[in-house]
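Input: a single structure, listed below in structure tokens.
In what follows, residues are counted from 1 in the order of the sequence shown. This is a predicted model, so every value here is computed, not measured. Hydrogens, waters and symmetry mates are skipped; everything else that's a heavy atom, side chains included, is used.
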Amino acid sequence: NSEPQKQSKDFRVDTWFENQAGLRQNRLKGGSAVTLKAEVTVKADAEYVMVEVPIPAGCSYEEKEQSWWGSEIHREYFKNKVSIFCRKLKQGKYTFQVKLMPRYDGSYTLNPAKAEMMYFPVFYGREEMKRVQIGGR
């Protein structure tokens, strides 16, 4: 699918970048750490949920922490995404964060983040495709 549209029937997924002061950013600066936040709104109680947060090509990980709060039970860090596994998510909002370091100037595609039930992948939600600018004016 070259142009995926936002889907939010079962889960709503929104992502954004924040600087260290907690302010949202549309343009990233090389060498300045940022946090990629993913907010997942669960519309009905769900078990065995996987949240995939893509990483833009111009960034690398600032740190690869394992978060043990709430219902998050494991994270897997890949070169292009982070997979976050949750045992059970009750109806409500959950925020996950990934610490990144922008490294290479340019304009990059940020693939859609998504949340889905691992054993019933027809229950899912995803964000739309985005662009990320690193450096420049």
Side-chain angles (χ1 to χ4, degrees):
N1 187 357
S2 62
E3 293 194 30
Q5 300 300 312
K6 186 173 186 100
Q7 298 287 327
S8 57
K9 181 181 168 213
D10 303 300
F11 299 93
R12 178 184 168 93
V13 183
D14 296 300
T15 61
W16 66 89
F17 291 96
E18 284 186 4
N19 63 16
Q20 293 182 339
L23 301 173
R24 288 189 185 205
Q25 289 191 270
N26 295 327
R27 184 181 297 266
L28 307 180
K29 182 181 178 195
S32 296
V34 295
T35 302
L36 175 55
K37 292 202 172 181
E39 183 180 78
V40 177
T41 303
V42 180
K43 299 196 175 180
D45 293 358
E47 290 186 338
Y48 302 106
V49 176
M50 177 176 61
V51 179
E52 285 189 349
V53 183
I55 305 303
C59 295
S60 62
Y61 296 108
E62 173 69 6
E63 54 183 78
K64 295 181 179 181
E65 64 185 3
Q66 286 290 331
S67 180
W68 300 103
W69 67 268
S71 56
E72 183 177 334
I73 57 173
H74 183 66
R75 282 187 184 208
E76 294 215 13
Y77 290 89
F78 300 97
K79 82 177 168 182
N80 63 330
K81 67 181 177 182
V82 176
S83 293
I84 302 169
F85 300 94
C86 301
R87 167 73 174 88
K88 185 171 190 164
L89 294 178
K90 293 196 176 282
Q91 185 176 0
K93 287 187 180 183
Y94 300 86
T95 303
F96 304 95
Q97 58 185 23
V98 179
K99 295 184 180 179
L100 300 175
M101 178 61 71
R103 297 206 184 271
Y104 305 104
D105 289 353
S107 180
Y108 300 95
T109 299
L110 180 59
N111 288 328
K114 69 178 179 177
E116 68 181 12
M117 293 178 69
M118 290 186 283
Y119 299 109
F120 298 100
V122 294
F123 298 105
Y124 72 99
R126 76 168 170 245
E127 196 173 36
E128 71 277 354
M129 191 87 75
K130 292 182 176 180
R131 298 292 297 170
V132 175
Q133 183 73 33
I134 300 175
R137 295 176 196 228

Are [X] and [Y] connected in the hydrophobic side-chain network, where two residues link if heavy atoms are under 4.5 Å apart?
| X | Y | result |
| --- | --- | --- |
| Y48 | V42 | yes |
| V53 | W16 | no |
| Y119 | V49 | yes |
| M129 | I55 | no |
| L89 | Y124 | no |

Decide, yes or no, whether a salt bridge links R87 with E47 under the criterion of side-chain N to carboxylate O below 4.0 Å.
->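 Between E47 and R87 there is a salt bridge, with a charged N closer than 4.0 Å to a carboxylate O.
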
Just how far is it from atom [atom1] of [X] to atom [atom2] of [Y], taken to the nearest 0.5 Å?
| X | Y | atom1 | atom2 | result |
| --- | --- | --- | --- | --- |
| Y77 | I84 | OH | CD1 | 7.0 Å |
| K29 | R27 | NZ | CZ | 13.0 Å |
| E128 | D14 | CD | CG | 8.0 Å |
| Q25 | L36 | CD | CG | 12.0 Å |
| K99 | Y61 | NZ | OH | 14.5 Å |
| K114 | S83 | NZ | OG | 9.0 Å |

Is a side-chain N or O of [X] found less than 3.5 angstrom from the main chain of [Y], in a donor-acceptor match?
| X | Y | value |
| --- | --- | --- |
| R126 | F11 | no |
| K81 | E76 | no |
| N19 | V34 | no |
| Q66 | R75 | yes |
| S71 | C86 | no |
| Y94 | A38 | no |
| K43 | S8 | yes |

Under the side-chain contact (heavy atoms from CB on, under 4.5 Å) criterion, do F96 and V82 qualify, and how do the steps go?
-> CA-CA 11 Å; F96 304 95; V82 176; over 6 Å; no

If you look at every heavy atom in [X] and [Y], which pair is closest and at what distance?
| X | Y | value |
| --- | --- | --- |
| L28 | C59 | CD1-SG, 4.2 Å |
| P102 | S32 | CD-O, 3.1 Å |
| Q20 | A33 | NE2-CB, 3.4 Å |
| P54 | P112 | CG-O, 3.4 Å |
| G135 | D105 | CA-OD1, 3.4 Å |

Take atom [atom1] in [X]; do more than 12 heavy atoms of anything else shown fall under 6.0 Å from it?
| X | atom1 | result |
| --- | --- | --- |
| N80 | CG | yes |
| Y104 | OH | no |
| E63 | CD | yes |

Hey, what's the ring geometry for F123 with F120, parallel, tilted or perpendicular (30° and 60° as the breaks)?
->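 The rings of F123 and F120 stand perpendicular, inter-plane angle above 60°.
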
In terms of ring plane angle, is the pair H74 and F85 parallel, tilted or perpendicular, where the classes change at 30° and 60°?
->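 The rings of H74 and F85 lie parallel, inter-plane angle below 30°.
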
After noting the C-alpha distance and the side-chain angles of R12 and K6, does the key distance pass the side-chain contact (heavy atoms from CB on, under 4.5 Å) rule?
-> CA-CA 9 Å; R12 178 184 168 93; K6 186 173 186 100; 4.1 Å; yes

From K130, E39, K37, residue fulfilling side chain to side chain donor-acceptor pair (under 3.5 Å) relative to T15 |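 Single pass found, and it is K130.
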
Any side-chain heavy atom of P56 sitting closer than 4.5 Å to one from L100?
->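 Yes, side chains in contact.
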
